[in-house]
Every structure is written in C-alpha cells, then in structure tokens.
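Have a look at the structure below, then the notes.
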Amino acid sequence: MSVSDQGATVWLTGLPSAGKTTIAYALAERLRAEGHRVEVLDGDEIREFLSAGLGFSREDRHTNVQRIGFVAELLASNGVKALVPVIAPFADSREAVAKRHAAEGTAYLEVHVATPVEVCSERDVKGLYAKQAAGEISGLTGVDDPYEAPDSPDLRIESHTQSVQESASALYALLTERGLA
C-alpha cells in the first residue's frame, strides 16, 4: 500500500466558528493535489443528511458523533483521508470514536482548533452567537452548553494567531510526521 493509499481520520474539534471546516477544506485541497483520496465530513451536512431528526441533547449529540465516526472509520479503512470538522463537544463521545478506530487498526488523529469563544463570537460565521445573545436560541456549545476541550490532542491549532494556510500546514506536517501524507 502506497502512502497515498493509506487512510486516516482527522477529527477537528472546537467551538462553532473556530475555523474547523475552513482548515479542513484547505488541507483537503493540498492532499488532493498530491493524489490522496480525501473526503470532508462537514458536521452541518451530516446533520442534514445522515442525522436528520436528531436534536442537540447530550444523547443526540453523542449519537450524531458516533454516526460520523462510523462513516469516517469506514472511509479511512478504505484508503480515504476523512477530514471531520465536527464540534463533538463531549470527551466521551470523541473517545468512543477513537476506540472504534483503534479496534479496527485505523489511523485516527484528534486536532483541537482552540479558538477562544470571544474570537468565535466575533467571527460568528452562521450567526449563532448573535441569536444566542438575543435569546433566540439556547444550547450553544461553549456559551450556554458545555464544550470539553481535549486534554491531549495530537495537535492543537490556535487559528486566531495564524492564517488558514499556516493552520493547514501544521496539520499537514503532523500527517507527514505520522507517515500519512
């Protein structure tokens, strides 16, 4: 199996508007240009198509993360780099996904896009922070719903202190170091 045929799941966790999806797509572009098979499992798309009907209770969030983890492992075990920019706010849910990968012998990297809530609130890509502040929604991860940051991720990206390309390059360097790029 050539290096480009080896799959892996790269889970990018962080608050809403942290930069997870933007970094994932930047990395995907670079990997595809080198001939890697890559899929980005965007959390919003997954919720629409694979997890429709789920809410945002702790149980529903866990179910959503497990579904995404199952699909990511399936892709990764078949030679795809599965880039997963999904909040996954609870450590036990992410740990269950990591254990599934370990049990299957599939490479799994956890990346914490560690952007402070103040910066995420300023970016507010989807207007969620504004809606929460206006009392239109509740249960916003990192504001009035918990977010359990990883204790020891494979990589911590401080997206508020570097460009998207610098963040994607740091992640690419990790993949290279692990023999996955």
Side-chain angles (χ1 to χ4, degrees), residues 9-28 38-76 80-103 106 108-160 164 167 171:
T9 294
V10 179
W11 198 289
L12 294 94
T13 180
L15 296 173
S17 298
K20 301 176 299 296
T21 302
T22 304
I23 294 166
Y25 278 109
L27 178 61
V38 181
E39 288 296 333
V40 177
L41 299 180
D42 181 274
D44 292 332
E45 292 176 4
I46 296 290
R47 270 209 174 264
E48 182 178 349
F49 297 107
L50 188 64
S51 294
L54 288 180
F56 291 91
S57 68
R58 184 178 181 108
E59 297 76 24
D60 282 358
R61 288 176 190 254
H62 180 77
T63 299
N64 185 49
V65 167
Q66 296 318 296
R67 288 178 183 176
I68 297 167
F70 174 81
V71 172
E73 195 286 321
L74 192 63
L75 289 168
V80 176
K81 304 288 188 296
L83 308 182
V84 187
V86 174
I87 295 168
F90 300 110
D92 60 346
S93 295
R94 295 190 307 267
E95 180 63 25
V97 171
K99 284 181 179 174
R100 169 185 290 282
H101 282 71
T106 305
Y108 177 85
L109 301 174
E110 183 177 68
V111 177
H112 181 205
V113 182
T115 309
V117 69
E118 300 78 22
V119 175
C120 294
S121 178
E122 288 170 19
R123 291 179 181 170
D124 205 8
V125 178
K126 299 171 197 151
L128 297 174
Y129 292 93
K131 287 180 181 174
Q132 191 277 337
E136 296 172 25
I137 64 169
S138 63
L140 182 59
T141 301
V143 178
D144 60 353
D145 213 47
Y147 176 74
E148 299 170 356
D151 291 329
S152 55
D154 294 285
L155 178 66
R156 194 175 311 278
I157 293 175
E158 311 250 344
S159 74
H160 58 294
V164 171
S167 297
L171 190 41

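A donor-acceptor pair under 3.5 Å is absent between the side-chain atoms of Asn64 and the main chain of Ser51, judged by distance alone. Judged by distance alone, with hydrogens and angles left aside, the side-chain atoms of Arg67 form a donor-acceptor pair with the main-chain N or O of Leu50 at under 3.5 Å. Here the side chain of Asp154 pairs no donor or acceptor atom with the backbone of Val111 at under 3.5 angstrom.
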Run the side-chain donor-acceptor check on residues 112-121: report pairs under 3.5 Å with partners two or more places apart or on a different chain.
from: His112; atom 1: ND1; to: Arg156; atom 2: NH1; distance (Å): 2.6
from: Thr115; atom 1: OG1; to: Ala18; atom 2: O; distance (Å): 2.9
from: Thr115; atom 1: OG1; to: Ser159; atom 2: OG; distance (Å): 2.6

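For Lys126, the side chain to side chain donor-acceptor pair (under 3.5 Å) partners at least two apart in sequence or on another chain are Asp44. Arg123 meets the salt bridge (charged side-chain N to carboxylate O under 4.0 Å, His left out) test with no other residue; sequence neighbours excluded.
If you take OG1 on Thr106 and CD on Glu73, they are separated by 3.5 Å, rounding to the nearest 0.5 Å. In this structure, CD1 on Ile46 lies 5.5 Å from CD1 on Ile68, to the nearest 0.5 angstrom. Annotation: the span from Leu109 atom CG to Leu155 atom CG amounts to 9.0 Å, rounded to 0.5 Å. Note that the NZ atom of Lys99 and the CG atom of Asp92 stand 9.5 Å from one another [nearest 0.5 Å]. With rounding to the nearest 0.5 Å, the separation of OG1 in Thr21 from CG in Asp42 is 4.5 Å.
With contacts defined as side-chain heavy-atom distances shorter than 4.5 Å, the pair His101/Val97 qualifies. Contact check for Pro89 versus Arg61: side-chain heavy atoms found under the 4.5 Å cut-off. You'll find the side chain of Phe56 stays beyond 4.5 Å of the side chain of Thr141, heavy atoms only. Taking 4.5 Å as the limit, some side-chain heavy atom of Ile87 sits within range of a side-chain heavy atom of Lys20. Side-chain contact between Tyr129 and Pro16 is present, with heavy atoms from C-beta onward closer than 4.5 Å. The side-chain heavy atoms of Leu12 and Ile23, taken from C-beta on, include a pair separated by under 4.5 Å.
Here the shortest heavy-atom pairing between Pro85 and Leu41 reads CD-O, 3.5 Å. Taking both residues in full, the closest heavy atoms of Ser17 and Val125 are given as OG-N, 3.0 Å, listed atom of the first, atom of the second, then distance.
Judged by a 6.0 Å distance limit and a 45° cone about the ring axis, Arg94 is not positioned over the six-membered ring of Tyr108. Both tests pass for Arg58 against the ring of Phe90: distance under 6.0 Å to the centre and angle within 45° of the axis.
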